[in-house]
Amino acid sequence: MATEYEPVIGLEIHAQLATRTKLFCACSIDFGGAPNSNVCPVCLGLPGTLPAINEKAVRLGVRAALALGCSIRQRSVFARKNYFYPDLPKGYQISQYELPFSEHGRLEVELDGASFTAGITRVHLEEDAGKNLHGIQGASAIDLNRAGTPLIEIVGDPDLRSSEQAAAYMRAVREVLMAIGVNDGNMEEGSFRCDANVSLRPQGSDRFGTRVELKNINSFKFVQRAIDVEIARQTAILDGGGQVQQETRSFDPSTSKTATLRSKEDAHDYRYFPDPDLPALEIDTATIERERSLVGELPEPRRQRYVREWSLTRAQASTLCQHPGTVEFFEDVLARFHEPVKVANFVLTEVLRGAKFHGLDAEFSVSPAQVAELLELVESAKISGKQAKEVLALVEAEPGASPRAIVQQRGLEVVSDAGALESILIDLMQKNPKQVASIRAGKTNVVGFFVGQVMKATNGSADPKLVSDLLTRLLAAPE
Ligand code: ADP
Ligand code: MG
Ligand code: ZN
C-alpha cells in the first residue's frame with residue numbers, strides 16, 4: 001500500500017504598514033509614481049547616509065503584533081540581512097533577526113463554519129526591496145520606489161495541514177490587519193503577500209520533512225493552488241523513492257507549475273549581524289498600552305458575537321466582517337435602529353451592491369442614518385419592503401435626501417386608511433358584479449382580483465392584508 005503523507009505548511013506573510021513614508025527615510029510610499037521618483041540618498045543606499053526609524057511604523061507594528069496575540073520585546077535589535085540582488089541598493093536588507101520586537105502569538109482562523117488556532121512564531125519589522133522591471137526598451141531596469149517601504153513579516157508556526165487551512169489563515173491575517181488599520185490589504189499592489197513553506201511527512205510521524213519555500217504569492221487562490229501543486233510534486237518524488245531538495249521555488253499561475261528559483265539559503269548564508277547604524281529599538285510601556293487600546297474587537301470574535309447575540313447566520317456575519325468599512329456601516333445603522341437581522345439583510349442585499357472598496361477606504365451610496373430611517377419606515381408599516389428598495393434608489397440618486405421626506409413628497413406612504421380603501425372597494429364591487437357573485441358562490445380565489453385592482457388604483461401603496469380584510473367584511477354585510 002502506498003504511504004499516506006501529511007502536509008506541513010507554515011507561511012511567512014509580508015504586510016506593508018499603512019504609513020505615509022518609508023521605514024528609515026521621509027520618502028513617500030505612494031503607489032504608482034513614476035519609477036525612481038520616491039527615492040533619496042538613504043533609500044538609495046548612498047555612502048554616508050544614516051537611517052532613522054519611522055515611529056508610526058513601529059506603532060503600527062506593535063498594534064499588529066498585539067492583535068496577533070504576541071508578546072512585545074521592549075528592546076529589540078535591527079539586523080542586516082546580506083545578499084546581492086539588483087533591487088537591493090545597499091547589498092543588505094534591514095530586518096530583525098535574533099531579537100525581533102515580538103513573538104509567541106496565535107490566531108483564531110475560520111474555515112468552513114468552524115475555527116482552528118494557528119501559532120505565530122514572531123512578527124518583526126523590515127524594509128522592502130525595489131522592483132526589477134523587464135523588457136524596458138529591450139533591457140531590464142530597476143524601480144526603487146518600493147525600496148525602504150515599511151513591512152512587518154509575520155512568521156507563522158508550521159501548524160497548517162492543508163492548502164485550505166493555509167488560504168484561510170492568510171485570509172484571517174489580512175482581515176485582522178485591515179480591521180486594526182495596519183495594512184490596506186491590497187494584494188494586487190503587493191502590500192500583502194506571502195511565502196509558503198511546504199513539506200510532507202508520513203501520516204502519524206512526529207518529525208518534519210524537508211521543506212520547499214514557494215516565494216511571493218499574492219492571492220488566496222494562488223496560495224491554495226501553489227501548495228496543492230507542490231504537495232503533488234513532493235508526493236511523486238517520495239513515492240518514487242526520491243528525496244525532496246530544500247529549495248526556493250516560484251509558482252506560475254498561468255501554467256499552475258512551480259519551478260526552482262534557487263537552492264534554499266540557510267540563515268548563515270545571509271551573514272546576519274546587528275546594524276551598527278541603528279540603536280536598539282526601545283518600545284515603552286505607554287506605547288504598548290496605547291496600541292493595545294486601538295486593537296478593538298477582531299473579525300473572528302466579532303463574527304461569533306454577531307451569530308450568538310444577534311442571531312445572524314455565519315455567512316452573513318462573515319461577509320459583514322470582511323471589511324472594516326462594512327462593519328462600521330452596519331454597526332452605525334444598528335446604533336440608530338436596533339434590529340440586527342433586518343439591518344444585516346438590508347445592508348448585505350441592498351447597500352453592498354452600491355459600495356466601492358479601495359484598500360481601507362469604503363464608499364457607500366447611502367449613509368447609515370438614511371438606511372436606519374428607511375428601515376424605520378418599513379417597521380412602522382409606512383412603506384412596504386418593496387417600496388423601501390424604490391426609495392433607496394431615489395435616495396442614491398439624490399445624496400443627502402431624507403427617505404421620510406421622499407416618501408411624503410411622492411405620496412408613497414402605504415394607504416392604510418381604511419375609509420379611503422373602503423370607498424375604492426365599494427366602487428370596484430359595483431363595477432364588477434360578476435366577480436362579487438363568484439366570491440359569494442365560494443370562489444375565494446377571486447378575492448385576489450379585487451386586491452389587485454385596489455393595488456392598481458393606489459399605485460401599489462395599499463396594505464394588501466387590510467384590503468382583503470375589508471373585502472371580507474363588505475361581502476359579509478347584507479346586500
Ligand atoms: P527561514 O527564515 O529560513 O525561512 P524559518 O525556520 O524561520 O526559516 O521558517 C520559516 C517558515 O517555514 C515558518 O513559517 C515555518 O512555520 C515554516 N517551516 C519551518 N519548517 C517547516 C517544515 N518542515 N515544513 C513546512 N514549513 C516549515
Ligand atoms: Mg524565509
Ligand atoms: Zn528615501
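Along the sequence shown, the residues carry numbers beginning at 1. Counting starts at 1 for both ligands and their atoms, in listed order. When reading the values below, keep in mind they use all heavy atoms of this one structure, side chains included, and skip hydrogens, waters and symmetry mates.
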Can you name the nearest heavy-atom pair linking Leu200 to Pro7, along with the distance? CD2-CA, 3.7 Å

Rounded to the nearest 0.5 angstrom, the SG-CZ distance for Cys321 and Phe330 is 8.5 Å

Separation of Leu298 CG from Leu177 CG (nearest 0.5 Å): 10.0 Å

For residues 58-72, the salt bridge (Lys or Arg N to Asp or Glu O under 4.0 Å) pairs (sequence neighbours left out) are Glu55-Arg59, Arg63-Glu291

Under a 4.0 Å N-O cut-off, is there an ion pair linking Glu175 with Arg303? yes

Would you say ligand 1 has an N or O under 3.5 Å from any N or O of Val198? no

State the NE2-OG distance between His104 and Ser71, to the nearest 0.5 angstrom. 5.5 Å

Logged contact type for Asp195 with ligand 1, heavy-atom cut-off 4.0 Å, is neither

Thr149 and Glu127: side-chain donor and acceptor closer than 3.5 Å? no

Is it the case that more than 12 heavy atoms not belonging to Gln245 sit under 6.0 Å from its CD atom? no

Using 2.8 Å as the cut-off, note every protein N, O or S atom close to the Zn ion (ligand 3). Cys25 SG, Cys27 SG, Cys40 SG, Cys43 SG

Could you list which atoms of ligand 1 come closer than 4.0 Å to a heavy atom of Gly209? 23 (N)

Checking Ala226 now: which residues fulfil side-chain contact (heavy atoms from CB on, under 4.5 Å) with it, not counting sequence neighbours? Leu214, Ile217, Phe251

Is atom CD of Glu189 surrounded by more than 12 heavy atoms (other residues, nucleotides or ligands) closer than 6.0 Å? yes

Near Val155, which atoms of ligand 1 are under 4.0 Å from a heavy atom of that residue? 13 (C), 14 (O)

Atom indices of ligand 1, in the order listed, that fall short of 4.0 Å to a heavy atom of Val8: 24 (N), 25 (C)

Show me the side-chain donor-acceptor pairs of residues 312-320 shorter than 3.5 Å, one per line, residues at least two apart or across chains.
from: Thr313; atom 1: OG1; to: Gln316; atom 2: N; distance (Å): 3.0
from: Arg314; atom 1: NE; to: Glu110; atom 2: OE2; distance (Å): 2.7
from: Arg314; atom 1: NH2; to: Glu110; atom 2: OE2; distance (Å): 2.9
from: Arg314; atom 1: NH2; to: Glu300; atom 2: OE1; distance (Å): 3.2
from: Arg314; atom 1: NH2; to: Glu300; atom 2: OE2; distance (Å): 2.8
from: Gln316; atom 1: OE1; to: Thr313; atom 2: N; distance (Å): 3.0
from: Gln316; atom 1: NE2; to: Asn345; atom 2: OD1; distance (Å): 2.8
from: Ser318; atom 1: OG; to: Glu110; atom 2: OE1; distance (Å): 3.1
from: Ser318; atom 1: OG; to: Glu110; atom 2: OE2; distance (Å): 3.3
from: Thr319; atom 1: OG1; to: Ala315; atom 2: O; distance (Å): 3.0

Going by the order shown, which atoms of ligand 1 are within less than 4.0 Å of some heavy atom of Gly10? 14 (O), 16 (O), 26 (N)

Judged by atom type as modelled, is there a donor-acceptor pair below 3.5 Å linking the side chain of Asn145 to the main-chain atoms of Ser37? yes

Any N/O of Gly156 closer than 3.5 Å to an N/O of ligand 1? yes

Looking only at distance, does Asn197 have an N or O less than 3.5 Å from an N or O of ligand 1? yes

From the candidates Gln246, Arg211, Arg207, the one that places a heavy atom nearest atom 21 (C) of ligand 1: Arg211

Using distance alone, decide if ligand 1 has a nitrogen or oxygen within less than 3.5 Å of any nitrogen or oxygen in Pro158. yes

Pull out every atom of ligand 1 sitting under 4.0 Å from any heavy atom of Asp157, numbered as shown with elements. 16 (O)

At a non-hydrogen distance cut-off of under 4.0 Å, which region of Leu11 contacts ligand 1 (side chain, backbone, both, or neither)? backbone

